[in-house]
Amino acid sequence: MTAALTLYVDRAGRCRWVDVARAALRAKQLPFSERALDLARGEQCDADFVARSLTATVPALEHAGRVITESLAIAEYLAESFPFPAHPRLFPADLGERARARQLMLWLRSAAPGPDALLAMATRALGDRATVCSSWCIADSDLALALAEAQAAGARLPAPLAALVARELGGR
Ligand SMILES: N[C@@H](CCC(=O)N[C@@H](CS)C(=O)NCC(=O)O)C(=O)O
């Protein structure tokens, strides 16, 4: 039997990184429960959560006695713990494409790009495709969530980028 998966989320539902972790769990078709922390009230600073999470941030994934934070680390943990073919892939099988997905996800986190840089990179990343790599991977959800945030802040998305957002987040 699979150990329970618990995702710690922000109660306000405003954390894009939580959305990435949730998208990864859903893409892997794994049952999971959520525990909401009220960040405004500092529940992430609870001593037990700090000790177990190390970073005192959400998302945090609890599984088999481990607590993993950082949405990219959570996606990689899920990819390795629940591998293809028993579970759908989160990252491409091809080495170069896998590096491309990680490259894009790391850039979104480290560069924290403004709207102009984000839209320009996203346009280059898609080229004439609908996805960042040759088929869907978690970087598509990650990019769509970044674009949706920019759109909500007033950015106008070119049609291919709007289509990515609609496809990835349409059901929300
Ligand atoms: N790079 C992290 C970012 C996580 C993060 O910044 N989480 C915020 C909420 S969106 C948080 O937990 N903040 C709590 C705090 O700053 O005290 C990831 O990808 O998961």
Side-chain angles (χ1 to χ4, degrees), residues 3-28 30-82 87-92 97-115 117-119 121-122 125 131-133 136-155 161 164-165 168-169 171-172:
L5 288 153
T6 305
L7 184 65
Y8 288 78
V9 306
D10 65 318
R11 179 154 294 151
R14 284 195 215 104
C15 181
R16 173 175 128 210
W17 311 113
V18 165
D19 294 335
V20 176
R22 197 182 276 122
L25 282 158
R26 287 182 179 154
K28 278 285 178 195
L30 293 164
F32 64 100
S33 58
E34 295 196 358
R35 275 192 61 181
L37 299 185
D38 190 334
L39 303 185
R41 293 183 55 174
E43 286 181 358
Q44 73 280 22
C45 300
D46 170 81
D48 179 60
F49 184 72
V50 173
R52 292 189 308 133
S53 69
L54 305 182
T55 58
T57 52
V58 295
L61 180 72
E62 185 166 20
H63 177 241
R66 308 179 187 100
V67 177
I68 320 289
T69 61
E70 291 292 321
S71 52
L72 178 53
I74 291 171
E76 296 205 334
Y77 177 80
L78 291 172
E80 290 171 12
S81 302
F82 302 95
H87 300 270
R89 288 189 194 283
L90 286 185
F91 291 94
E97 290 211 311
R98 203 157 59 244
R100 178 183 170 87
R102 288 184 174 130
Q103 170 191 343
L104 188 148
M105 293 176 79
L106 281 167
W107 183 77
L108 288 174
R109 285 156 180 75
S110 58
L118 173 64
L119 269 59
M121 189 287 295
T131 49
V132 165
C133 295
W136 181 89
C137 71
I138 191 66
D140 292 310
S141 299
D142 204 37
L143 182 58
L145 284 159
L147 291 168
E149 201 168 90
Q151 192 175 34
L161 304 187
L164 174 70
V165 171
E168 291 296 317
L169 313 184
R172 296 202 321 165

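Because the structure is a prediction, the values reported are computed rather than measured. Read the numbers this way: they start at 1 and go in the same order the structure lists the ligands and their atoms.
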Steps toward side-chain hydrogen bond (donor to acceptor under 3.5 Å, both in side chains) verdict (Ser53, Thr55): CA-CA 5 Å; Ser53 69; Thr55 58; 4.6 Å; no
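- For the pair Leu78/Leu61, a side-chain contact is recorded, criterion being any heavy-atom separation below 4.5 Å from C-beta on.
- Residues passing the side chain to side chain donor-acceptor pair (under 3.5 Å) test with Arg100: none are found, sequence neighbours excluded.
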Any chance you could lay out the ring-ring contact (aromatic ring centres under 6.0 Å, His included) test for Phe32 and His63, step after step, and finish with the verdict? CA-CA 10 Å; Phe32 64 100; His63 177 241; over 10 Å; no
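- In this structure, Arg109 and Asp142 have side chains that are in contact, with non-hydrogen atoms separated by less than 4.5 Å.
- At a 4.0 Å heavy-atom cut-off, the residues surrounding ligand 1 are Cys15, Trp17, Leu39, Gln44, Thr57, Val58, Pro59, Glu70, Ser71, Arg109, listed by chain and number.
- Atom CG in Leu108 sits 10.5 Å away from atom CD in Glu149 (nearest 0.5 Å).
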